[in-house]
There are 2 protein chains.
Amino acid sequence: MKRDSRLSGVLHVLLHMAEHRHPVTSETLAKAMTTNPVVIRRIMAGLRDQGYVQSEKGHGGGWSIACDLSKISLRDIYHALGNPSLLAMGNRTEAPGCLVEQSVNAALGKAFEDAEAFLLARFGEVTLAALSADFHRRMLARGGTPQDLETIHAS
Amino acid sequence: MKRDSRLSGVLHVLLHMAEHRHPVTSETLAKAMTTNPVVIRRIMAGLRDQGYVQSEKGHGGGWSIACDLSKISLRDIYHALGNPSLLAMGNRTEAPGCLVEQSVNAALGKAFEDAEAFLLARFGEVTLAALSADFHRRMLARGGTPQDLETIHAS
DNA sequence: TTTCATGTAACTTCATATGTTTCGTGAGTG
DNA sequence: CACTCACGAAACATATGAAGTTACATGAAA
């Protein structure tokens, strides 16, 4: 299965934004992500609706963070993305008439459900602030203190 | 993401086969699953290679179980299918140069890895015999003792 | 008024599970 | 031997959804 990387992508964007005081344009973010500005706007739309980020048009416009990073978890971001599927597998049929399939669905369904809950719980444990702090630790270990996207990506 | 239902499908097939003493043809199984015989052969190929089932050509041929159901777990079946992706999400890039992305990957990657291990562990706890037993419990609760696919599916 | 940047719709591309057709091979039947 | 049955495998079609792209409208700042 092709894997959905929106969560990974949006976190990458957010952490970069956190390093900037001024709004960052979709185009700048897109370059850092080697993708298209429209893709950035698309994955940011949900976060804007939740008030986690804000966007401004015109000169000096772009995206900026509009929340306390220590209060937002990966789980919140996941929900802002619209709760995309976590698992690549699922039951063949829901509510089957076949008793055999009911047994299979019961066993697999419970395992799937628990695994999703497990993953969401993990997401809930990690705040954006924690991720940002981890990034700063890595940067110090590298001995640098770059302030802009280009430097971070060039490192 | 569209979900992979091969594991669900192959378990359904196996449990049906367990109810038969004689080989069951791909066509019969396909009808029960509302799919194509070729699809059945495709998902069964891995199990045959592992020796879990065997196939015979010609008159009276078809598929039959070639192992002790109590010794095979859902995890074994999963491996026989070729270890398809369990998660619908993944990191945007592996081994990124960007330190921000390294932090994101580390956090998400660990959560993904643990969730996969969790799910595989669950699979390992359930044997085919347990699934079959659950099916028989459901059948008794329904008050019937059907011996063939058609009856089971018609119920 | 010009430029910049987002908002949105529509389209293309790509990967992959699933479905289908076709032909070959071997096993049992008459 | 000829026929039928059933699997094996390749080739092709279909469907879904993420990701990438293009085009145009809207609004803000210079």
Side-chain donor-acceptor pairs under 3.5 Å in residues 117-124 of chain A, sequence neighbours left out?
from, atom 1, to, atom 2, distance (Å)
A:R122, NH1, B:D114, OD2, 2.8
A:R122, NH2, B:D114, OD2, 2.4

Atom pairs and distances, donor-acceptor, side-chain atoms in residues 33-54 of chain A, under 3.5 Å, two or more places apart:
from, atom 1, to, atom 2, distance (Å)
A:N36, OD1, A:V38, N, 3.0
A:R41, NE, A:S26, OG, 3.4

Exercise. Does the D:dG17 base have a donor-acceptor partner in the side chain of A:R6 within less than 3.5 Å?
Worked result: no
Problem set entry | Heavy-atom donor-acceptor pair, B:R42 side-chain to D:dG8 base, under 3.5 Å | no
For this session: Report the residues that fulfil side-chain hydrogen bond (donor to acceptor under 3.5 Å, both in side chains) with B:H59, sequence neighbours left out, ordered by chain and then residue number.
Result: none
For this session: Applying side-chain hydrogen bond (donor to acceptor under 3.5 Å, both in side chains), name anything that partners B:S55, two or more places apart in sequence or on another chain.
Result: none
Rounded to the nearest angstrom, tell me the gap between atom [atom1] in [X] and atom [atom2] in [N].
X	N	atom1	atom2	answer
B:M17	D:dC7	CE	C1'	13 Å
B:N36	D:dG8	CG	C1'	14 Å
B:I40	C:dT18	CD1	C1'	12 Å
A:K31	D:dG20	NZ	P	16 Å
A:M33	D:dG20	CE	C1'	13 Å
B:M89	D:dG17	CE	P	16 Å
B:L29	D:dA6	CG	C1'	12 Å
B:I43	D:dC7	CD1	P	13 Å

Exercise. What residues form a side-chain contact (heavy atoms from CB on, under 4.5 Å) with A:E116, not counting sequence neighbours?
Worked result: A:L86, A:L87, B:R3
For this session: Just jot down the side-chain contact (heavy atoms from CB on, under 4.5 Å) partners of B:D134, sequence neighbours excluded, or say none.
Result: A:S103, B:R137, B:R138
Problem set entry | Between A:H16 and A:H20: side-chain donor-acceptor atoms closer than 3.5 Å | no
Which protein N or O atoms sit under 3.5 Å from an N or O of nucleotides 5-7 of chain C?
from, atom 1, to, atom 2, distance (Å)
C:dA5, O4', A:G58, O, 3.4
C:dT6, OP1, A:S26, N, 2.7
C:dT6, OP1, A:S26, OG, 3.0
C:dT6, OP1, A:W63, NE1, 3.4
C:dT6, OP2, A:S26, N, 3.4
C:dT6, OP2, A:S26, OG, 3.3
C:dT6, OP2, A:R41, NH2, 3.1
C:dT6, O3', A:S55, OG, 3.3
C:dG7, OP1, A:R48, NH1, 2.5
C:dG7, OP1, A:S55, OG, 2.9
C:dG7, OP2, A:R48, NH1, 2.8

For this session: Kindly state which residues belonging to residues 109-120 of chain A come within less than 4.0 angstrom of DNA chain C, counting heavy atoms of the residue only, listed by number.
Result: none
Exercise. Distance check: side-chain N/O of A:S5 vs OP1/OP2 of D:dA19, anything under 4.0 Å?
Worked result: yes
Exercise. Is the backbone N or O of A:R92 less than 3.5 Å from a side-chain atom of B:S8, with the two atoms forming a donor-acceptor pair by type?
Worked result: yes
For this session: Any pair with a residue in residues 56-83 of chain A that passes salt bridge (Lys or Arg N to Asp or Glu O under 4.0 Å), sequence neighbours left out, goes on the list, sorted by first then second residue, please.
Result: A:D68-A:K71
